[in-house]
Protein chains: 2
Amino acid sequence: MKDPAEMKKRCTRVAAILKTLAHPQRLFILCTLIRGEAAVGELQRECGASQSLISQHLTRMRREGIVQARRSGNFVRYRVADPKLSELIMNMERIFNE
Amino acid sequence: MKDPAEMKKRCTRVAAILKTLAHPQRLFILCTLIRGEAAVGELQRECGASQSLISQHLTRMRREGIVQARRSGNFVRYRVADPKLSELIMNMERIFNE
DNA sequence: TTCAAATATTATAATAATCTAATATACCTG
DNA sequence: CAGGTATATTAGATTATTATAATATTTGAA
């Protein structure tokens with residue numbers, strides 16, 4: 001927790017995660033998903049972005065290990081992959097609500 | 001906390017902050033600064049980046065309201081501007097330490 | 001006032017992120 | 001299997017971010 005080299009490694013790792021969170025629509029999607037699973041179409045409607053763009057956001061977050069997908073018939077439902085990230089998002093909501 | 005339009009506004013605002021945090025060196029600088037003030041030169045040494053680059057990082061964070069500067073003789077000392085951000089960084093350290 | 005140290009700014013080349021439009025794939029139903 | 005709905009992928013133009021090098025500013029001290 002104090003070794004500078006170790007600290008830098010962590011900063012690099014965490015910065016990569018933050019980079020993925022640092023987009024209005026991706027953050028909105030995550031704020032939605034911490035409340036529970038949602039299908040792409042729902043996210044698309046709530047988010048108000050194009051199908052392609054939402055899908056690209058989700059793909060990026062999937063690759064980054066931030067969300068997980070599961071197919072349910074014709075739909076694909078997403079959830080937050082890591083409880084740590086749910087916790088982080090909830091912290092941010094608490095901190096930034098006025 | 002549930003109105004989608006309000007939620008989007010907040011996501012836009014918070015995403016802008018996260019974008020600024022989402023860089024290994026800037027994050028490292030902030031992790032250092034939550035422990036207390038530091039001069040540019042110290043940050044530069046601990047960070048191992050060029051003088052110009054550190055200064056650019058600090059300028060950006062200053063513009064974003066994330067850090068504050070004060071001159072102390074020949075040096076300029078920086079601190080975290082907003083306790084909310086200190087709290088966020090500390091939360092992230094807790095969450096991502098293993 | 002001149003010098004040197006500390007910090008800031010500017011210009012710019014290289015790289016990465018973003019969005020749109022078009023196309024592809026997967027699955028269900030008849 | 002044909003058609004439709006849901007989602008994913010790709011290509012490409014546009015814009016933003018990053019890092020380096022060069023230069024400028026500020027300040028204390030001789």
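Chain identifiers are assigned alphabetically (A, B, ...) following the order of the sequence lines, protein sequences preceding nucleic acid strands; residue numbering begins at 1 within each chain.
Taking both residues in full, the closest heavy atoms of Cys47(B) and Lys8(A) are given as O-NZ, 3.4 Å, listed atom of the first, atom of the second, then distance. Nearest heavy atoms, Ala69(B) versus Arg62(B): CB-CD, 4.0 Å.
In this structure, the nucleotide among dT20(D), dA8(D), dC19(C) sitting nearest to the side chain of Leu53(B) is dT20(D). Ranking dT7(D), dT9(C), dA26(C) by closeness to the Val40(A) side chain, first place goes to dT7(D). Taking the side chain of Val76(A) as heavy atoms from C-beta on, and the options dT7(D), dT9(C), dC19(C), the nearest nucleotide is dT7(D). Closest contact between the side chain of Phe75(A) and the listed nucleotides dA21(D), dA19(D), dT7(D) involves dT7(D). Taking every side-chain heavy atom of Arg26(A) into account, dT18(C) is the closest of dT18(C), dT7(D), dA8(C). Considering only the side chain of Arg71(A), dA26(C) comes nearest among dT27(D), dA26(C), dT9(D). For Arg60(A), the side-chain atoms get nearest to dT18(C) when compared with the rest of dA8(C), dT18(C), dT7(D).
Going from atom CE of Met61(A) over to atom C1' of dT18(C) covers 15 Å, rounded to whole Å. One interatomic measurement links the two molecules: CG of Leu27(A) to P of dA17(C), which rounds to 17 Å at whole-angstrom precision. Summarising the geometry, the separation between CD on Gln25(B) and P on dT18(D) is reported as 10 Å, rounded to the nearest angstrom. What separates NZ of Lys19(A) from P of dA16(D) is a distance of 16 Å, to the nearest Å. In this structure, NE2 of His57(B) is placed 8 Å from C1' of dT18(D), rounded to the nearest angstrom. Here the C1' atom of nucleotide dT27(D) and the CZ atom of Arg77(B) are 16 Å apart, to the nearest Å. When the P atom of dA16(C) is taken as reference, atom CZ of Arg63(A) falls 14 Å away, rounded to whole Å.
Residue side chain Gln51(B) reaches the base of dA8(C) through a donor-acceptor N/O pair under 3.5 Å, judged by distance alone. Interface remark: the Ser52(B) side chain does form a donor-acceptor pair with the dT9(C) base, using a distance-only criterion of under 3.5 Å. A donor and an acceptor atom never sit less than 3.5 Å apart when one is taken from the side chain of Gln56(A) and the other from the base of dA8(D).
Looking at heavy-atom distances under 4.0 Å, Thr59(A) makes contact with sugar-phosphate atoms alone, never a base. Using a 4.0 Å heavy-atom distance criterion, Ala39(A) is classed as a sugar-phosphate-only contact.
Using a cut-off of 4.0 Å between Lys/Arg side-chain N and Asp/Glu carboxylate O, Glu87(B) and Arg94(A) are scored as salt-bridged. By the 4.0 Å N-to-carboxylate-O rule, Glu46(A) lies too far from Arg35(A) to be salt-bridged with it.
Within the structure, ring-ring contact (aromatic ring centres under 6.0 Å, His included) pairs that include any residue of residues 75-98 of chain A do not occur (at least two apart or interchain).
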